[in-house]
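Just so you know, these numbers use all the heavy atoms, side chains as well, and skip hydrogens, waters and symmetry mates.
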Amino acid sequence: MNPIVVTTTPFQYAGPDIKQYGDDANFNDATCSSTSSSMPHGYDIVFEKDLVVGETVTLRELVGVDALLHILTPGQCAGAPACVASTDGSEDTGISYTATAAGPVYLVVESWGSATTGDFDIRIDSSRCGDGTLNSGEGCDDGNNVDGDCCSSTCNIEAACQITGCT
């Protein structure tokens with residue numbers, strides 16, 4: 001497996017046929033969402049993205065590929081990767097994972113069944129508390145991770161500021 005390294009977000013990766021990527025691995029063995037036991041796993045595209053603690057990454061497929069989406073973290077001490085998020089549906093909504101440790105994650109788009117062909121349009125986005133952009137799930141984001149300035153290090157409005165009304 002040679003992942004495609006994602007260095008910017010938003011990131012778009014599109015093409016005419018997912019079959020060109022072959023069938024490098026069966027990610028269902030890593031406790032990810034599974035296809036039917038009678039259906040072979042499909043062709044897969046693997047991406048690698050480095051995250052910082054608290055950064056959230058989202059993986060989506062926006063065209064017509066019936067896909068399994070997986071997010072895996074590297075194994076510890078040469079162990080197998082751990083599946084931290086996986087879905088067999090809602091490709092356009094996608095799946096997300098928030099990093100609990102700094103380092104790489106692997107984002108996998110695996111077609112459902114080996115017969116899947118057709119255009120694909122993969123989108124990878126990431127955000128984190130303190131990036132200055134109000135993201136889903138944040139009550140505030142003042143561009144830093146400092147407590148005591150009304151927006152906490154976890155991007156929630158601090159209690160003292162809710163009472164006094166500071167901004």
Side-chain angles (χ1 to χ4, degrees), residues 1-15 18 20-35 41-63 65 67-112 120-149 151-158:
M1 166 180 77
N2 294 313
I4 298 164
V5 178
V6 176
T7 57
T8 61
T9 57
F11 181 83
Q12 179 181 9
Y13 196 79
I18 201 168
Q20 66 184 305
Y21 294 92
D23 190 4
D24 300 322
N26 183 354
F27 295 94
N28 300 333
D29 292 340
T31 68
C32 294
S33 294
S34 180
T35 59
H41 50 51
Y43 301 97
D44 47 72
I45 304 175
V46 181
F47 302 89
E48 179 180 335
K49 173 143 179 53
D50 282 328
L51 301 179
V52 298
V53 174
E55 185 175 5
T56 300
V57 65
T58 301
L59 171 65
R60 301 178 296 147
E61 199 293 311
L62 300 179
V63 182
V65 174
L68 300 166
L69 303 177
H70 314 299
I71 301 176
L72 300 98
T73 56
Q76 300 298 313
C77 302
C83 189
V84 294
S86 184
T87 187
D88 183 15
S90 303
E91 290 91 347
D92 57 338
T93 302
I95 56 173
S96 297
Y97 167 70
T98 302
T100 57
V105 294
Y106 300 100
L107 308 142
V108 180
V109 177
E110 181 179 18
S111 67
W112 193 87
F120 60 89
D121 184 357
I122 299 163
R123 305 290 174 99
I124 299 171
D125 296 295
S126 66
S127 61
R128 64 177 173 76
C129 174
D131 64 5
T133 302
L134 188 62
N135 300 299
S136 177
E138 295 179 339
C140 57
D141 194 324
D142 59 0
N144 66 55
N145 293 107
V146 177
D147 289 325
D149 62 356
C151 186
S152 74
S153 61
T154 57
C155 289
N156 293 301
I157 299 171
E158 294 176 318

Determine the minimum heavy-atom distance between Glu48 and Tyr106, stating which atoms define it. OE1-CE2, 3.6 Å

What distance separates Cys129 SG from Asp142 CG, expressed to the nearest 0.5 Å? 8.0 Å

Does the ring center of Tyr13 lie less than 6.0 Å from the ring center of Phe47? yes

For Cys140 and Cys151, run disulfide (SG to SG under 2.5 Å): C-alpha distance rounded to whole Å, both residues' side-chain angles, the deciding distance at 0.1 Å, then the answer. CA-CA 6 Å; Cys140 57; Cys151 186; 2.1 Å; yes

Minimum heavy-atom separation for Val52 and Ala99, please, with both atom names. O-CB, 3.4 Å

Residue pair Leu72, Val84: steps toward the side chain to side chain contact (heavy atoms under 4.5 Å, CB included) verdict: CA-CA 6 Å; Leu72 300 98; Val84 294; over 6 Å; no

Please round to the nearest 0.5 Å and tell me the distance separating atom CD1 of Ile95 and atom OG1 of Thr58. 9.0 Å

So, Glu91 side chain and Leu62 main chain: donor-acceptor pair closer than 3.5 Å or not? no

Give a yes or no on whether the backbone of Ser153 and the side-chain of Asn145 come within a donor-acceptor separation of less than 3.5 Å. yes

Ignoring hydrogens, what is the shortest heavy-atom contact between Ser126 and Glu55? Give both atom names and the distance. OG-OE2, 3.0 Å

Go through the steps for Ile124 and Leu107 under the test side chain to side chain contact (heavy atoms under 4.5 Å, CB included), then give the verdict. CA-CA 9 Å; Ile124 299 171; Leu107 308 142; 3.9 Å; yes

Test Ile45 against Val108 for side chain to side chain contact (heavy atoms under 4.5 Å, CB included), laying out the working first. CA-CA 6 Å; Ile45 304 175; Val108 180; over 6 Å; no

When you measure from the side chain of Thr9 to the backbone of Phe11, do you find a donor-acceptor pair of N or O atoms at a distance under 3.5 Å? no

If you round to the nearest 0.5 Å, how far is CD of Gln12 from CZ of Arg123? 4.0 Å

First locate atom NE2 of His70, then atom OG of Ser86, and finally report the distance between them rounded to the nearest 0.5 Å. 4.5 Å

For Ser152 and Glu158, test the side chains for any donor-to-acceptor distance below 3.5 angstrom and give the result as yes or no. no

Under the side chain to side chain contact (heavy atoms under 4.5 Å, CB included) criterion, do Arg128 and Glu138 qualify, and how do the steps go? CA-CA 9 Å; Arg128 64 177 173 76; Glu138 295 179 339; over 6 Å; no

Can you tell me how far the OG1 atom of Thr8 sits from the NZ atom of Lys49, to the nearest 0.5 Å? 8.0 Å

Roughly how far, to the nearest 0.5 Å, is CG of Leu68 from OG1 of Thr87? 8.5 Å

If we ignore hydrogens and angles and just use 3.5 Å, is the side chain of Asp121 paired with the main-chain N or O of Ala14 as donor and acceptor? no

Looking only at non-hydrogen atoms, find the nearest pair between Cys155 and Gly130 and report the distance. SG-N, 3.5 Å

For Val53 and Ala102, the nearest pair of non-hydrogen atoms, with its separation, is CG2-N, 3.6 Å

